[in-house]
Amino acid sequence: MSQPSLRLSVLAGLLGLAATCASAQTQQQVAPLVNGMYGALEALYKDLHAHPELAFQEVRTAAKMAEEMRKLGFEVTEKVGGTGVVALLRNGAGPTVLVRTELDALPMEEKTGLPYASKVKAQYAGRETFVAHSCAHDLHMASWVGAARTLVALKSQWKGTLMFVAQPAEETVSGAKAMLADGLFTRFPKPDFAFALHSSPSPYGFVGYRAGPTSSNSDGLEITFKGRGGHGSAPDKTIDPITIAARFITDVQTVVSREKDPAEFGVVTIGAIQGGTVGNIIPDTVVLRGTIRSYQPEVREKLLAGIRRTALAAAAMGGAAEPQVDLVPGGAAIVNNAAVVDRTTAALKAALPGVQIAQVPPITASEDFSEFLNAGVPGMMFFVGVSAPDDVAAAMKPGGKPLPFNHSPFFAPVPEPSIKTSVQAMSVAVLTALGAP
């Protein structure tokens, strides 16, 4: 039997051992357990929200996660892949189940006006910046701790090993690779299943799922256009890299609109332009930075090739030297395992009757949870709504107020229902994978 066939056979066997969902008794216990611990989880969430840290700088955050897991009896290893934390709890023979949370925040200013809003500043890319948990990693961490507490409380009802992983640097799609390179699946057990959740601006009380491709491929671009600087009143004496960069920004979108299959997803966004100091000086160089997103490998390659070709052509048209084009591979698309999704969603529907469980389309954002799955671990990321239902409904009406999405300075999850749903959903997912009787 080939290795892929063997892996599928093992997966099918393990799934066969797991019940379609946790027992009725276990289902009835999860919600009261979560309700009882919510006050502590809310305090943890607000503390994390007020003290965010950037990628690979999550020293305080990681220490807090490690402390929480030690108090629960987990065997904890810190500084895995930089600032990552691995917490293991062995409870007899059975599957090993990985549960991932992220540690890092974003280099941006929060504008929610919440009493626990972040006012933190840090150094980023050589400058001082505000820092904020505007992607809800703080909520993910609180839910991660809550799921661990729930599973420990139900320890008599399952067998196996919990592998709770707190991953650094998700926002730079580099933390998962760093942990794997530091021996995540060699120094510690390689899991049989892996789960992660992500907040969504959908209504709270909602869990979204899908099998197959669930997020996008992510690549970064940095292009330095080289010109010849001079006085703004005499552009004929210069080679203006600003006009070359402007031409590229416009022309590169034809790669998306004219070369890519219109039915396939693909995005090229320029998010930063740096060049020049004052209005009457033409600079020597201009630097562009951006992001490239896609689902399919062939679309990814077409976009990368088109970006490079367009940059070279823009410089040639301006009579400039060849630009420096750096296309940096980022996170690969998350591909949820269909068997895991089917079994888990059946369990969620049975265990969480008050929660809407529905299939959702793939998201255009990227996530490096894919690194764990691509290392040969079948798993699933699902999405949990965090917005007030009335706000969502209002935003969907013609002319309605737009709903703040992840990475918005106004993004503000509603804590209690969002955290409770997240903890319950993750607990049920893990119990199902562990084959709780």
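Numbers here simply count residues along the sequence, with the first being 1.
Other residues, nucleotides and ligands place more than 12 heavy atoms under 6.0 Å from the NZ atom of Lys71. Surrounding CZ of Arg258 are at most 12 heavy atoms belonging to other residues, nucleotides or ligands under 6.0 Å away. Applying the 6.0 Å contact sphere to OH of Tyr124 captures no more than 12 heavy atoms from other residues, nucleotides or ligands.
Under the 30°/60° scheme for interplanar angles, the aromatic rings of Phe372 and Phe185 are found to be tilted. Ring geometry, His133 versus His137: the interplanar angle falls from 30° to 60°, so the pair is classed tilted. Between Trp144 and Phe164, the angle of the ring planes lies from 30° to 60°, which puts this pair in the tilted group. The aromatic rings of Tyr45 and Tyr116 sit perpendicular to each other, their planes meeting at more than 60°, with 30° as the lower class boundary.
Screening Val341, Leu373, Asn337 for a side-chain contact (heavy atoms from CB on, under 4.5 Å) involving Pro378 leaves a single residue, Asn337. Between Gln167 and the options Arg100, Glu102, Glu58, a side chain to side chain donor-acceptor pair (under 3.5 Å) holds for only Arg100.
Of all non-hydrogen atoms in Arg300 and Ser218, the two that sit nearest each other are NH2-O, 3.7 Å. Considering all non-hydrogen atoms of both residues, Pro189 and Leu88 come closest at CD-CD1, 3.8 Å. Smallest separation of non-hydrogen atoms from Leu303 and Arg293: CD1-O, 3.8 Å. Minimum heavy-atom separation, Gln123 to Leu54: O-CD1, 3.8 Å. Across Ser418 and Val384, no two heavy atoms sit closer than the pair O-CG1, 4.0 Å.
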Do Asp251 and Gln253 pass the side chain to side chain donor-acceptor pair (under 3.5 Å) test, and can you show the C-alpha distance, the side-chain angles, and the key distance before you say yes or no? CA-CA 5 Å; Asp251 289 351; Gln253 294 305 324; over 6 Å; no
Please walk me through it: do Thr61 and Glu53 pass side chain to side chain donor-acceptor pair (under 3.5 Å)? CA-CA 7 Å; Thr61 308; Glu53 295 174 299; 2.6 Å; yes
Checklist entry - Are Ser366 and Ser216 close enough, and set up right, to give a side chain to side chain donor-acceptor pair (under 3.5 Å), and what steps lead you there? => result CA-CA 5 Å; Ser366 301; Ser216 72; 2.9 Å; yes
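Atom OG1 of Thr101 is separated from atom CZ of Phe195 by 15.5 Å, given to the nearest 0.5 angstrom. Once rounded to the nearest 0.5 Å, the distance linking CZ of Arg90 with CE of Met163 reads 9.5 Å. How far NZ of Lys420 is from CE of Met37: 11.0 Å, rounded to the nearest 0.5 Å.
Of the possible donor and acceptor atoms, none in the side chain of Tyr209 sits under 3.5 Å from a partner among the backbone N and O of Asp342. Panel note: side chain Asp192, backbone Thr96; a donor-acceptor pair is recorded below 3.5 Å. Asn91 places a side-chain N or O within 3.5 Å of a backbone atom of Trp158 that can act as its donor or acceptor partner. The backbone N or O of Val255 lies less than 3.5 Å from no partner atom in the side chain of Ser257, so there is not a single donor-acceptor pair. A donor-acceptor distance shorter than 3.5 angstrom exists from the side chain of His140 to the backbone of Ser199, with no hydrogens or angles considered.
Asp182 and Arg187 are joined by a salt bridge, as a carboxylate oxygen and a charged side-chain nitrogen come within less than 4.0 angstrom of each other. Electrostatic pairing of Asp47 and Arg60 counts as a salt bridge here, judged by a charged N lying under 4.0 Å from a carboxylate O. Taking 4.0 Å as the cut-off between side-chain N and carboxylate O, Lys64 and Glu68 do not count as a salt-bridged pair. The pair Glu78-Arg70 meets the salt-bridge criterion, since a charged nitrogen lies less than 4.0 angstrom from a carboxylate oxygen.
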